[in-house]
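As a basis for the values below, the full set of heavy atoms in this structure was taken, side chains included, without hydrogen atoms, waters or symmetry mates. Along the sequence shown, the residues carry numbers beginning at 1.
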Amino acid sequence: MGEDLDRLNANLKRMEELSQRMVAALGQKDMTNDAGLEGPGSDLYVKASTALWSEMLTDPSKMIEQQVSYWGKALENFIETQQVMAAGKFVVEDDEDAPKDRRFKNELWRTHPYFRFVRKQYELNSDAIEKAVSDLEGLDERERARVEFFSRQIIDLFAPTNYLATNPDALEKAVETEGQSLVDGLENLVQDIEANHGQLLPTLADPNAFTVGENIGTAEGKVVFRNRMMELIQYAPTTEKVRRTPMIIFPPWINKFYVLDLKPQNSMIRWIVDQGYTLFVVSWCNPTPEDKDLALETYVEDGYLEAIRVAKEITGEKKVNAIGYCIAGTTLSATLALMKKRGDKSVRSATLFTTLTDFSDQGEFTVFLQDDFVDAIERQANEKGYLDSYFMSKTFSFLRANDLVYGPAIRNYMMGEAPPAFDLLYWNCDSTNLPGPMVVKYLRQLCQGNQLASEGFDFMGETLHVKDVDVPICAIACETDHIAAWKQSYLGIQKFGSKSKTFILSESGHIAGIVNPPSKKKYGHYTNPDLTLSSDEWLNSATKQNGSWWPRWEEWLRKNSGAEVKARIPGESGYEALCDAPGTYVLVSTKD
């Protein structure tokens, strides 16, 4: 008994210390951050309220019907629970017909009267909100998408699993550990607030489990060129012969390039080198306030065009094969159009991973690409010179809130568990800042204005359009991609001016669909040579292929890579090796 009391007192003292730390950490929050970055503008709420009020006036019977139905179901749930409790029952018949929501996998959600009542009431509330929103009239498609998204955020926020008093898993563990799990959870909470300078975003992976260059991002190579925008890495060959035409990968600068080199067994970089190619990869700088002048033009001039020039000089070739991933694929498309206008034929073929060039349908990002959010981003960028990585991480996380926000928060804070040692989630947390001029132009002109696929993108003295791009194109989209929807990617590729266009649809999402090594034999892919069809027609008549798309792409790439030549060793072609891969830029953290 004495030992239990001592442990309880020690835990209470520890919680008091942690509470003081949390107050201090919350005080670090930057109060100058634009409130517009935290939520939609008031105009959206006004429009939704106006639509609801109009509906009440024009068709009050529908509103009354909805309310009566909700009240009846809620009352029925209450009476049923009251009768069970009055009978002294603490276990009821398993509610096997309950929705299969993994948040409610604990059997107490179905068999315990209290937790079953809470769960069923939450489900009734959720259904009522969704029904009310879906029945709203007087909203255009974008406004409706935004109202539905933020309604879903409210529904997810108020899930009973998110609160200790209504989470049986957390309560059971607290009892089992005599409160130690709550102490550990508070420790995790305070550490996250401290790490994010007063902001809260749950840690997804153990930050101490990986070190870039030691147990991830370990493919052998050398940094052979460096400027303020990038380090250019040339990877060491693993074959005696390589294809003549070198390859350059331009990764997105929202995150870091080593997603393509997490572990040896799923490293696309290693796999490409093993197929007999001279591979260069760009590692972008991580902008600071001193980089407030970095514009999209700088990325193209000192990034894309400079990397192409250096790779040509190192290999002695006149052309390269270029690869762009996500935002880097969009920018590569604009760069190819610019090179066409300039008469620059340095790119032999281009590959686009999960790339949007037509933003006429912004998909799930519609909610974040309206003026209230973009205006706030522009104000923040103008004031600080860059958009802090925290806001982009938060945006992407809330697109999958249950998986990337509430689930980890429950595990870390209420269960007191340590974040897992998961390389992909570690990479996901290792994000980068975005320079102000670049992010504003990208959002305003390419995303909101859709200029590259419509009237033309005025850029670096030229008016650019995807129809200007005429090099052979291979595009890989992902079936469940919530960032770059595959149908929109397909629509953009249809508008390219290239005579040779290949489109491959991989199973899975934005990352897993791309980082899909053949050895895993996990996700398949679809192919169809007829790109004149609508996206639905293309998929309905496509051929399903088992396994990774990598070998199919390499077969296409080989046809655009020339004959074999002696393998090139980094640092032996006029550009000395500056340091080992993965270089120094990739090690710069926004949390330092």
Say whether, by atom type as modelled, one donor and one acceptor occur between the side chain of [X] and the main chain of [Y] under 3.5 angstrom.
| X | Y | result |
| --- | --- | --- |
| Ser548 | Trp550 | yes |
| Ser389 | Asn433 | no |
| Asn266 | Lys263 | yes |
| Asn286 | Thr432 | no |
| Thr111 | Glu107 | yes |
| Trp284 | Pro251 | yes |
| Ser134 | Lys131 | yes |
| Asn188 | Tyr413 | no |
| Asn516 | Ala512 | no |
| Asn540 | Asp536 | yes |

I need the [X] [atom1] to [Y] [atom2] distance, nearest 0.5 Å.
| X | Y | atom1 | atom2 | result |
| --- | --- | --- | --- | --- |
| Asp169 | Phe115 | CG | CZ | 9.0 Å |
| Arg102 | Lys105 | CZ | NZ | 8.5 Å |
| Ser535 | Leu539 | OG | CG | 8.0 Å |
| Cys326 | Ile483 | SG | CD1 | 6.0 Å |
| Gln488 | Asp361 | CD | CG | 4.5 Å |
| Ile476 | Trp486 | CD1 | CH2 | 14.5 Å |

Side chain to side chain, [X] and [Y], heavy atoms closer than 4.5 Å:
| X | Y | result |
| --- | --- | --- |
| Thr480 | His510 | no |
| Ile377 | Phe391 | no |
| Asp371 | Gln448 | yes |
| Tyr325 | Leu352 | no |
| Tyr406 | Thr161 | no |
| Leu186 | Leu182 | no |
| Glu479 | Tyr526 | yes |
| Pro168 | Trp109 | yes |

For the residue pair [X] and [Y], confirm or rule out a side-chain donor-acceptor distance under 3.5 Å.
| X | Y | value |
| --- | --- | --- |
| Asn450 | Ser360 | no |
| Gln370 | Asp375 | no |
| Ser431 | Ser393 | yes |
| Glu417 | Asn412 | no |
| Ser267 | Asp261 | yes |

Q. Testing Ile327, Asp481, Ile511 for side chain to side chain contact (heavy atoms under 4.5 Å, CB included) with Thr354, which one passes?
A. Asp481

Q: Evaluate the criterion side chain to side chain contact (heavy atoms under 4.5 Å, CB included) for residue pair Tyr258 and Asp430; output intermediate values, then yes/no.
A: CA-CA 10 Å; Tyr258 66 87; Asp430 190 13; 2.8 Å; yes

For the student: nearest non-hydrogen atoms of [X] and [Y], plus distance:
| X | Y | value |
| --- | --- | --- |
| Arg110 | Asn106 | NH1-O, 4.0 Å |
| Tyr386 | Thr288 | CD2-C, 4.1 Å |
| Gly513 | Ser506 | O-OG, 2.9 Å |
| Val586 | Lys256 | O-NZ, 2.9 Å |
| Phe210 | Asp423 | CZ-N, 3.3 Å |
| Ser397 | Leu404 | O-CB, 3.8 Å |

Q: Might you work through the side chain to side chain contact (heavy atoms under 4.5 Å, CB included) test for Phe359 and Thr330, ending with a clear yes or no?
A: CA-CA 11 Å; Phe359 291 87; Thr330 307; 4.2 Å; yes

Q: Only counting residues at least two apart or in another chain, list the ones meeting side-chain hydrogen bond (donor to acceptor under 3.5 Å, both in side chains) with Tyr122.
A: Arg103

Q.
Test of understanding: with side-chain hydrogen bond (donor to acceptor under 3.5 Å, both in side chains), list the residues that count as partners of Asn167, not counting sequence neighbours.
A. none

Q.
For Gln153, give me all partners under side chain to side chain contact (heavy atoms under 4.5 Å, CB included), at least two apart in sequence or on another chain.
A. Phe149, Phe150, Phe398, Ala401

Identify whether the distance between the nearest side-chain nitrogen and carboxylate oxygen of [X] and [Y] falls below 4.0 Å.
| X | Y | answer |
| --- | --- | --- |
| Glu507 | Lys544 | yes |
| Arg119 | Glu123 | yes |
| Lys173 | Asp184 | no |

Q: Could you label the plane-to-plane angle of the Phe158 and Tyr163 rings as parallel, tilted or perpendicular, counting under 30° as parallel and over 60° as perpendicular?
A: parallel

Q.
Could you walk me through whether Leu108 and Glu172 satisfy the side chain to side chain contact (heavy atoms under 4.5 Å, CB included) test, starting with their C-alpha distance in whole Å, then the side-chain angles of each, then the deciding distance to 0.1 Å, before giving a yes or no?
A. CA-CA 11 Å; Leu108 291 178; Glu172 286 176 334; 3.3 Å; yes

Q: Establish, yes or no, whether a centroid distance under 6.0 Å links the rings of Phe353 and Trp549.
A: yes

**Q.** Stepwise salt bridge (Lys or Arg N to Asp or Glu O under 4.0 Å) check, Lys487 with Asp358
**A.** CA-CA 10 Å; Lys487 291 184 178 181; Asp358 187 318; over 6 Å; no

